[in-house]
Amino acid sequence: MLKRFVVWDPDGGRGEEDGREFNALDAQAAVAAWADWDDDANSDYRIVCGEVVTVQVRDLQTNESSKWVVSGEAVISYTAVKYEEK
């Protein structure tokens, strides 16, 4: 069952009121969703380009709060398929 979380970046000068809410299975999935959102929303892709960010996440049902370190990587993938003459 999905739970509701709020995630924010306190090191970036953000407070919980600036946080973004996500439906996720757990806090780790909520943080990953936040990282994807943050990279896309800011168009700088800082996390996927190697910056490590520490965020705060709170479970809105239990009120439990925890700190997470989130990182990412850009993965280049190529596919080749043999060309068949018709």
Side-chain angles (χ1 to χ4, degrees):
M1 181 167 96
L2 294 178
K3 297 168 72 177
R4 192 88 174 147
F5 296 89
V6 61
V7 184
W8 68 97
D9 176 10
D11 293 340
R14 305 283 191 260
E16 184 174 350
E17 64 280 357
D18 303 311
R20 181 95 175 162
E21 291 186 14
F22 296 93
N23 292 319
L25 290 174
D26 56 23
Q28 182 180 24
V31 171
W34 175 88
D36 183 57
W37 169 83
D38 183 75
D39 269 353
D40 187 52
N42 294 311
S43 298
D44 61 1
Y45 300 97
R46 65 184 179 140
I47 298 169
V48 78
C49 287
E51 184 175 333
V52 176
V53 180
T54 302
V55 297
Q56 194 74 28
V57 60
R58 185 168 64 85
D59 182 323
L60 294 176
Q61 292 171 314
T62 66
N63 225 18
E64 183 179 323
S65 185
S66 54
K67 190 180 277 192
W68 292 77
V69 176
V70 61
S71 61
E73 62 181 300
V75 178
I76 298 172
S77 176
Y78 298 96
T79 303
V81 178
K82 186 176 180 183
Y83 179 78
E84 299 289 336
E85 292 286 337
K86 293 185 181 192

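- In the hydrophobic clustering of this structure, Trp68 does not group with Val6; members are Ile, Leu, Val, Met, Phe, Trp, Tyr whose side-chain heavy atoms approach within less than 4.5 Å, directly or through other members.
- In terms of hydrophobic clustering, with Ile, Leu, Val, Met, Phe, Trp and Tyr side chains grouped at heavy-atom distances under 4.5 Å, Val70 and Trp37 are assigned to a common cluster.
- Connectivity analysis of hydrophobic side chains (ILVMFWY, heavy atoms under 4.5 Å, direct or indirect) links Val48 to Tyr45.
- For Ser65, the side chain to side chain donor-acceptor pair (under 3.5 Å) partners at least two apart in sequence or on another chain are Gln56.
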For a side-chain contact (heavy atoms from CB on, under 4.5 Å) check, start with the C-alpha distance between Val53 and Asp11, then their side-chain angles and the critical distance, and finish with the verdict.
CA-CA 8 Å; Val53 180; Asp11 293 340; over 6 Å; no
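- Partners of Arg4 by side chain to side chain donor-acceptor pair (under 3.5 Å), not counting sequence neighbours, listed by chain and number: Glu21, Asn23.
- From Cys49, atom SG reaches atom CG of Asp39 across 7.0 Å, with rounding to the nearest 0.5 Å.
- For Arg46, the side chain to side chain donor-acceptor pair (under 3.5 Å) partners at least two apart in sequence or on another chain are Asp9, Asp38, Glu51.
- Considering every non-hydrogen atom in both Arg14 and Asp18, the closest pair reads CA-OD2, 3.6 Å.
- Grouped by direct or indirect side-chain proximity (heavy atoms under 4.5 Å, Ile/Leu/Val/Met/Phe/Trp/Tyr only), Val75 sits alone.
- Here the closest heavy-atom approach between residue Trp34 and residue Phe22 is recorded as CA-CZ, 3.4 Å.
- Taking both residues in full, the closest heavy atoms of Asp26 and Phe5 are given as C-CZ, 3.4 Å, listed atom of the first, atom of the second, then distance.
- Residues satisfying the side chain to side chain donor-acceptor pair (under 3.5 Å) criterion with Trp8, sequence neighbours excluded, are absent altogether.
- Counting all heavy atoms, side chain and backbone alike, Ala30 lies closest to Ala24 at N-CB, 3.6 Å.
- Nearest heavy atoms, Val52 versus Ser71: CG2-CB, 4.1 Å.
- Of the possible donor and acceptor atoms, none in the side chain of Asp36 sits under 3.5 Å from a partner among the backbone N and O of Ala33.
- When all heavy atoms of Val57 and Ala27 are compared, the closest pair comes out as CG1-CB, 3.9 Å.
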